[in-house]
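Atoms within each ligand, like the ligands themselves, are counted from 1 in listed order. Just so we're clear, the structure is a prediction, and the values are computed from it rather than from any experiment.
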Amino acid sequence: MLSERARNITPSATTSLTAIVQDLKAQGVPVIGLNVGEPDFDTPAHIVAAANKALAEGKTKYAKDSGIQPLREAISKKLKNDNGLNYTADQIVVTTGAKQAVYEALQVLVDKGDEVIIPTPCWVSYTEMVKLADGVPVFVKTQPGTFQLDVAAIEAALTEKTKALILTSPNNPTGAVYTEEALRALGKLAVEHDFYVISDEVYEKLLYNGKKHMSIATLSPEVYEHTITINGFSKAYSMTGWRLGYLAAPLEIAKAAGRLQGHMTSNATTFVQWAAISALEGPQEDLEIMRKEFDRRRIWLQDALSKIPGISCAGADGAFYLMPNVSAYYGKTAPDGSVIRDSGDFCNYILKTAHVAIVPGKAFESPEEVRISYSNSMENIQEAVRRIAEALTKLK
Ligand code: PMP
Ligand code: GLU
């Protein structure tokens, strides 16, 4: 019999859908994947070259659990220069993806029964990670129409047991970028009520409409003491498969995360860490090319989705996702007689009929919506929207 913990894990809707799409494509079904949570760009060539060099130089052995010193120093410099954050190298733990950093932050902070506030819609893995730490996820809705933080609702959800809040700006799945005013109000709450903010900043480089990224830990020394800052290489440098991220935190927390990692995975892949220095310190032009292309697709897609009858689509200032509301289609009947009851049925219908993969909002605690990623070519996005619109005309 599996442990209760193992039995309670819900599979990741995002990664399992990626597997389904790969299988369908292998069978020859012309699926357009707008489900993916990774940039459709190659890793910049100088980073690949740095990895090859590291391999050739034999950087293939175990390293310090918390990461190689030159990378931790490069991250320390990056956090200072890009974000105005003061973290020394020993306050940084290099992890196997930002995913592991979020996991470790929760493991070292949360005791059985502690509550962790998660603003919704939220990324699929947070809920399960809180449960794996024996914590209790407490969902607080963001504001309808804008997906902005509802700080008053967060305040109302605080209890004696609140240990942390997971903050994701720019947001997956909504693309929302939280206002400075909301971050200030949240920081104030964290200090007054003594809970931690786990600030997942993996989409910080993908900003549009002139938005600027703000790291909540810069707000004051008190907020800094209550924050774990998390970032990674997957989104900014198209390095999803390399699996590299990091957390930066007050020393006690960083040391605890390092100790935990020492028994889980030890160091993140050594030669990947050497290549990551090149990502941070090398040319950044590829990033801007990617950001501009995402911006172009975002503008087109939001407009095109909003023109489909029954669909309303909030704007987004970051990441590479839009979250249109499709609930007007719930209760309608497909040509085969099946009824679209919820976001899962909606996405299944679109996959089956239009051969377009999108993710049900219910996986993100957001049942009225679906998540559409514009991490695919403009040509494919346009064809996908045409197919979706056509499939929807068949629902009665
Ligand atoms: N946080 C968010 C909000 C994400 O969307 C992702 C993407 N999987 C991650 C963390 C994890 O990223 P990584 O590939 O660095 O583990
Ligand atoms: N973060 C991406 C997504 O939301 C990648 C898949 C995952 O790790 O969940 O689709």
Exercise. Compute the shortest N/O to N/O distance between Thr96 and ligand 1 and return yes if it is under 3.5 Å, no if not.
Key: no
Quiz item: Purely on distance, is any nitrogen or oxygen of Gly37 under 3.5 Å from one on ligand 1?
Solution: no
Quiz item: Has ligand 2 got any nitrogen or oxygen that is less than 3.5 angstrom from a nitrogen or oxygen of Asn172?
Solution: yes
Quiz item: What atoms of ligand 1 come closer than 4.0 angstrom to any heavy atom of Asn172?
Solution: 3 (C), 4 (C), 5 (O)
Quiz item: For ligand 1, does Arg243 get within less than 4.0 Å through its side chain, its backbone, both, or neither, judged by non-hydrogen atoms?
Solution: side chain
Self-check item: Heteroatom proximity flag, Lys99 to ligand 1, N/O under 3.5 Å
Solution: yes
Quiz prompt | Distance filter under 4.0 Å to Ser234 heavy atoms, resulting ligand 1 atoms | solution = 13 (P), 14 (O), 15 (O)
Quiz item: Atoms of ligand 1 less than 4.0 Å from Thr168 heavy atoms?
Solution: 3 (C)
Quiz item: Between the side chains of Thr270 and Tyr62, is a donor N or O closer than 3.5 angstrom to an acceptor N or O?
Solution: no
Quiz item: Looking at Tyr126, which atoms of ligand 1 are within less than 4.0 Å of one of its heavy atoms?
Solution: 3 (C)
Quiz item: Charged N to carboxylate O below 4.0 Å: is that the case for Lys255 and Glu252?
Solution: no
Quiz prompt | Proximity to ligand 2 by part of Lys99, non-hydrogen separation under 4.0 Å | solution = side chain
Quiz item: Any idea which part of Phe233 is under 4.0 Å from ligand 1, heavy-atom wise: side chain, backbone, both or neither?
Solution: neither
Quiz item: Has ligand 2 got any nitrogen or oxygen that is less than 3.5 angstrom from a nitrogen or oxygen of Trp123?
Solution: yes
Exercise. For atom 6 (C) of ligand 1, state which one of Trp123, Tyr321, Tyr103 supplies the nearest heavy atom.
Key: Trp123
Quiz item: What about Thr240: any of its N or O atoms under 3.5 Å from an N or O on ligand 1?
Solution: no
